[in-house]
2 protein chains.
Amino acid sequence: MRNKDEHKERLIRDKAMEMIVKEGFDGMSMQKLAKAANVSPATIYIYFKNREDLLNHLYNEVQATFSEVALKGFSPALNFETGLWLQWQNRLRFINAFPYQYQFYEQFRNSPLINHSDVQLIMDFKANMKQFLTNAVERGEIKKMEPEIFWSLAYGPFYALVKFHLQEKTMLGRHFKISPSKLKSMFNQVIKSFQ
Amino acid sequence: MRNKDEHKERLIRDKAMEMIVKEGFDGMSMQKLAKAANVSPATIYIYFKNREDLLNHLYNEVQATFSEVALKGFSPALNFETGLWLQWQNRLRFINAFPYQYQFYEQFRNSPLINHSDVQLIMDFKANMKQFLTNAVERGEIKKMEPEIFWSLAYGPFYALVKFHLQEKTMLGRHFKISPSKLKSMFNQVIKSFQ
DNA sequence: AATATAAATGAATGTTCATTCACTTATAAA
DNA sequence: TTTATAAGTGAATGAACATTCATTTATATT
C-alpha cells in the first residue's frame with residue numbers, strides 16, 4: 001500500500017486558491033491546476049471527488065482556520081472593547097499571513113457557488129459571538145441592537161480597510177500591510193459609534 | 001438599412017447580469033445568454049466585440065448609473081452629516097431599484113476581471129468626494145484622516161448591512177429591503193465615530 | 001416599388017473543459 | 001523477498017465553450 005502524499009495535496013490546494021485569486025474561478029481549470037501542481041489531472045481526482053468538491057473543501061478549510069485564528073485568546077467574558085480589538089488583530093494576522101486564502105474565501109462567499117455549498121458557519125464561532133454581544137449589552141457597555149447592525153458597525157470598517165489594502169496589492173504586485181497604529185486609530189473611532 | 005433594436009440590446013445586458021448574479025461568471029456562457037435573450041449567439045456579437053467587451057460595457061454602464069444616482073442632490077458644500085446621509089439614501093435607492101445590477105457590479109469589482117478592465121472611477125465622482133472630505137475637515141466637523149479611513153468608517157457599515165440583506169434575499173428567494181428607520185439608526189451611530 | 005445596407009440568423013469551427021480509464025509504480029504488510 | 005493495494009499516470013472522451021460565416025431578413029432611403 002502506498003500512502004497519499006500530503007505535500008502533494010497541499011500543493012494542489014494552494015495552487016488552486018492562488019489561481020482563483022489571480023484569474024477567477026473560470027481561470028482555474030483542472031488541467032491548468034494539474035500542470036501548476038506538477039501532477040496528472042487524474043491525480044486531483046484521487047484527492048477530490050470533482051471540481052465542486054475541491055472548491056468546497058478549500059472553502060471549508062479556510063473557514064475553519066479563519067474561525068480558529070479569529071477566536072485565539074477570545075472569550076465572551078472579555079469586555080467589549082478588549083474583545084473586539086482582539087478579534088480585529090486576530091483577523092488581520094490571518095489576512096496578512098494567508099492573503100491568497102483570505103481572498104479566495106471572500107471570492108467564494110461573494111459568488112453564487114456559496115449557495116451550492118452546504119457549509120455552515122462554525123457553530124462554536126457563532127455561539128461565541130452571540131454571547132459576546134449579549135454580555136456587552138447586559139454590562140451596559142453598548143446599547144441593545146440587532147446582530148446585523150452590531151456586525152456591520154463592528155466589522156464593516158475593518159473589512160473595508162482590508163479591501164483597500166488588498167486591492168492596492170493586486171495593482172502594484174506587492175502587499176502593503178496595514179500598519180498596527182493605523183488600525184488602532186480607526187478602531188478607536190469605531191468604538192465611539194457604540195457609546 | 002435596418003436599425004439596431006434597442007430593446008434587444010437592453011435584454012441581452014439585463015439577462016447577462018441576472019445570469020452572472022445567479023450562476024457566477026462561468027454560468028454565463030454566450031450560448032446560454034443567447035437562449036435567455038431569445039437571440040442567436042451571433043447577434044450578441046453585433047452589439048459587443050466579444051465576451052470580455054460585453055462584461056466591460058456592463059460594468060461601465062452600472063458604474064455610470066450608480067455614480068449618477070449616488071450624487072443626486074449632492075454637493076461638497078453640504079455639511080458632513082447631511083451630505084453623508086444623502087449619499088447613504090441615494091445608494092440604497094439604487095440598490096433597491098436594481099439589485100441585479102448592483103450585485104453584478106460588486107461581483108465584477110471583487111473579481112480579477114477588474115484588473116483587465118481599463119475602467120476608472122468617474123472623475124467627477126472622485127473629485128466631489130475628495131472636496132467633501134476636505135471641506136468637512138476645514139469646517140472642523142470631523143478630524144483630519146486619510147481618505148481610506150474616512151471611506152472605511154463612512155461606508156463600511158453601510159455596505160456590510162447591504163450585504164446582509166442581499167444574502168438573505170438569495171437564500172429565501174425574495175428581497176428584504178432595509179427599513180429606512182433601521183438605516184437612519186445605524187447612520188446615527190456611524191456619525192458618532194467621527195466626533 | 002426598387003435597392004442598398006446593416007441587422008439578424010443557425011449551423012458550423014476549432015478549442016478547452018471536466019472527467020474517466022487502462023495501465024504503471026511505489027510501498028506497507030506479509 | 002514477495003505480494004497486495006492504493007497512489008499516480010497520460011491519453012482519451014464527449015460536452016460545452018467562444019467565435020465566425022454564408023445566408024436571410026427587415027427597413028430606411030431612393
Side-chain angles (χ1 to χ4, degrees), chain A residues 1-60 104 107-108 111-117, chain B residues 1-60 104 107-108 111-117:
Chain A
M1 219 261 299
R2 191 173 164 186
N3 280 341
K4 282 189 189 177
D5 188 339
E6 292 296 331
H7 170 70
K8 200 162 280 182
E9 185 179 350
R10 187 70 265 151
L11 194 64
I12 291 169
R13 295 178 103 115
D14 288 342
K15 287 288 178 189
M17 288 190 276
E18 188 182 330
M19 287 174 79
I20 287 166
V21 170
K22 287 184 177 163
E23 305 172 54
F25 284 108
D26 354 4
M28 195 279 285
S29 80
M30 299 304 263
Q31 342 227 19
K32 276 163 70 182
L33 174 58
K35 191 152 282 180
N38 278 311
V39 297
S40 158
T43 303
I44 302 173
Y45 288 84
I46 295 168
Y47 293 90
F48 305 97
K49 205 151 51 78
N50 50 40
R51 194 184 125 103
E52 192 185 346
D53 183 57
L54 162 62
L55 294 175
N56 285 336
H57 270 90
L58 292 178
Y59 179 71
N60 280 342
F104 161 78
Q107 216 167 121
F108 191 94
S111 83
L113 294 174
I114 195 76
N115 299 328
H116 299 291
S117 151
Chain B
M1 194 242 339
R2 192 172 163 185
N3 280 341
K4 283 189 189 178
D5 186 339
E6 292 297 330
H7 171 70
K8 200 162 278 182
E9 183 177 353
R10 187 69 265 151
L11 194 64
I12 292 169
R13 295 178 103 116
D14 288 342
K15 287 288 179 188
M17 288 189 275
E18 187 183 329
M19 287 174 80
I20 287 166
V21 169
K22 286 184 176 162
E23 306 172 53
F25 285 107
D26 348 7
M28 195 280 284
S29 80
M30 298 303 265
Q31 341 225 18
K32 277 163 69 183
L33 174 58
K35 190 152 284 182
N38 280 310
V39 295
S40 158
T43 304
I44 302 173
Y45 288 85
I46 294 168
Y47 294 89
F48 305 98
K49 205 150 51 79
N50 51 40
R51 194 183 124 103
E52 192 186 345
D53 183 55
L54 163 62
L55 294 175
N56 286 336
H57 270 89
L58 292 177
Y59 180 71
N60 280 341
F104 161 78
Q107 216 167 286
F108 191 95
S111 83
L113 294 174
I114 195 75
N115 299 326
H116 300 292
S117 151

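If you're wondering where the values come from, they're calculated on a predicted model, not measured in any experiment. Any value given below was found using the heavy atoms of this structure, including those in side chains, with hydrogens, waters and symmetry copies removed. So that the names make sense, note that chain A is the first sequence line, chain B the second, and so on, each numbered from 1.
Between C:dA8 and B:Lys8, a contact under 4.0 Å exists linking OP1 or OP2 to a side-chain N or O. For the pair B:Lys4 and C:dA6, the criterion of a side-chain N or O lying under 4.0 Å from OP1 or OP2 is not met. Between D:dC17 and B:Ser29, a contact under 4.0 Å exists linking OP1 or OP2 to a side-chain N or O.
Remark: B:His57 engages B:Asp53 in a side chain to side chain donor-acceptor pair (under 3.5 Å) (not counting sequence neighbours). Partners of B:Tyr59 by side chain to side chain donor-acceptor pair (under 3.5 Å), not counting sequence neighbours, listed by chain and number: B:Gln63.
Residues B:Leu58 and B:Met17 approach most closely at CD1-CG, 3.9 Å, considering heavy atoms. When all heavy atoms are compared, the tightest approach of B:Phe104 to B:Val21 is N-CG2, 3.5 Å. Across every non-hydrogen atom of A:Met30 and A:Asn50, the tightest pair is CE-C, 4.4 Å. A:Pro112 approaches A:His116 most closely through the heavy-atom pair O-CD2, 3.7 Å. When all heavy atoms of A:Leu33 and A:Ala16 are compared, the closest pair comes out as CD1-N, 3.5 Å. Closest approach of B:Ala34 and B:Ser40 over heavy atoms only: CB-C, 3.9 Å.
Whole-Å rounding puts the B:Ile44 CD1 to D:dT20 P distance at 13 Å. Nucleotide C:dA18 holds its P atom 17 Å from the CD1 atom of A:Ile46, rounded to whole Å. What separates NZ of B:Lys32 from C1' of D:dA16 is a distance of 10 Å, to the nearest Å. As rounded to whole Å, 10 Å separates atom P of C:dG10 from atom NZ of B:Lys35. One can place CE of B:Met30 at 17 Å from C1' of C:dA12, the figure rounded to the nearest angstrom. Separating the CG atom of B:Asp26 from the P atom of C:dT16 is a distance of 17 Å, rounded to the nearest angstrom. Nucleotide D:dA28 holds its C1' atom 15 Å from the CG atom of B:Asp5, rounded to whole Å. At whole-Å resolution of the value, OH in B:Tyr45 and P in C:dA8 are 16 Å apart.
Looking only at side-chain heavy atoms (C-beta outward), B:Phe48 and B:Arg13 come within less than 4.5 Å of each other. Side-chain contact between B:Lys8 and B:Ile46 is absent, with no heavy atoms from C-beta onward closer than 4.5 Å. Annotation: side chain of A:Leu11 is not in contact with side chain of A:Val39 (no heavy-atom distance under 4.5 Å).
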Check step by step if salt bridge (charged side-chain N to carboxylate O under 4.0 Å, His left out) holds for A:Glu6 and A:Arg10. CA-CA 6 Å; A:Glu6 292 296 331; A:Arg10 187 70 265 151; over 6 Å; no
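Using a 4.0 Å cut-off on heavy atoms, the residues of residues 47-55 of chain B that approach DNA chain C are B:Tyr47, listed by number. Contacts between residues 13-25 of chain B and DNA chain D, defined by a heavy-atom separation under 4.0 Å, are absent.
You'll find that the side chain of B:Thr43 is closest to C:dT9, out of C:dC17, D:dT9, C:dT9.
B:Ile12 contributes atom CD1, which lies 10.0 Å from atom NE2 of B:His7 (distance to the nearest 0.5 angstrom).
Relative to the ring axis of B:Tyr47, B:Lys4 places its NZ or CZ within 45° and under 6.0 Å from the centre.
A donor and an acceptor atom never sit less than 3.5 Å apart when one is taken from the side chain of A:Ser40 and the other from the base of D:dG8.
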Provide a list of protein-nucleic acid N or O atom pairs under 3.5 angstrom, restricted to nucleotides 13-15 of chain D.
none

Grab the N/O contacts between the protein and nucleotides 21-25 of chain D below 3.5 Å, and write none if there aren't any.
from: D:dT25; atom 1: O2; to: B:Arg2; atom 2: NH1; distance (Å): 3.1

